[in-house]
Amino acid sequence: MAALPYIQLYVSDYLADTIHLTTEEHGAYLLLLMNYWQTGKPIPKNRLASAARLSNERWTDVEQTLNEYFTEDENGAWFNARLESDLKKVKSNRKQKVRAGRASAAKRAASQAVESKKKSNGCSTGVQRPFNDTRSRDTDTDTD
């Protein structure tokens, strides 16, 4: 999935759930959430420290606190249920908007085709022949 241009962050919910975190832990947690959101999938365990922008030594301390916000999936990646739910909603909304946009474009194209046909007089240039045009009459002037 292409990266989404925004992430839904409910400040009051976030602060209520993370009030006990240090500044470093807040930064690491937000970076993990953003990485998850951008890739649209759980973060592999071997990428957690780099996604959080922490050295391996610092990560071991921070990991103990942040693992309460994630569950490990069957592949060992960190999964966040709340973020996954938000991703599903956004993807569903996006698909619905794409379908509506395509339907609208098809309707508009059909309407324009009908209007174009109504205005057409059968000429490709849209210019009518003058009444005194003799090209369509038989004008054989050969006197043999």
Please walk me through it: do Trp78 and Leu66 pass side-chain contact (heavy atoms from CB on, under 4.5 Å)? CA-CA 10 Å; Trp78 275 23; Leu66 296 186; 4.2 Å; yes

Please report whether the ring centroid of Phe70 lies less than 6.0 Å from that of Phe79. no

Between Asn35 and Arg47, is any pair of side-chain heavy atoms under 4.5 Å apart? yes

Just so I know, are the side chains of Arg58 and Arg53 near enough to count as touching, which here means a heavy-atom distance under 4.5 Å? no

Report the relative orientation of the aromatic rings in Tyr14 and Tyr29; use parallel for angles under 30°, tilted for 30 to 60°, perpendicular for over 60°. parallel

Without swapping roles, check the side chain of [X] against the backbone of [Y] for a donor-acceptor pair under 3.5 Å.
{"X": "Thr60", "Y": "Glu57", "result": "yes"}
{"X": "Tyr69", "Y": "Asp17", "result": "yes"}
{"X": "Trp37", "Y": "Tyr6", "result": "yes"}

Separation of [Y] [atom2] from [X] [atom1] (nearest 0.5 Å):
{"X": "Leu54", "Y": "Leu48", "atom1": "CG", "atom2": "CG", "answer": "10.5 Å"}
{"X": "Ile7", "Y": "Gln38", "atom1": "CD1", "atom2": "CD", "answer": "10.0 Å"}
{"X": "Gln8", "Y": "Ser85", "atom1": "CD", "atom2": "OG", "answer": "9.0 Å"}
{"X": "Glu84", "Y": "Asp73", "atom1": "CD", "atom2": "CG", "answer": "9.5 Å"}

What's the shortest heavy-atom distance between [X] and [Y], and which atoms?
{"X": "Leu83", "Y": "Leu33", "result": "CD2-O, 3.5 Å"}
{"X": "His20", "Y": "Glu25", "result": "O-OE1, 4.3 Å"}
{"X": "Ala52", "Y": "Leu31", "result": "O-CD1, 3.5 Å"}
{"X": "Ala28", "Y": "Val62", "result": "CB-CG1, 4.0 Å"}
{"X": "Ala49", "Y": "Asn56", "result": "CB-OD1, 3.7 Å"}

Who passes side-chain hydrogen bond (donor to acceptor under 3.5 Å, both in side chains) against Asp13, sequence neighbours left out? Arg82

Would you indicate whether Gln96, at its atom CD, is surrounded by more than 12 heavy atoms from other residues, nucleotides or ligands within a distance under 6.0 Å? no

What about Leu87 and Leu9, same hydrophobic cluster or not, with Ile/Leu/Val/Met/Phe/Trp/Tyr joined at side-chain heavy-atom distances under 4.5 Å? yes

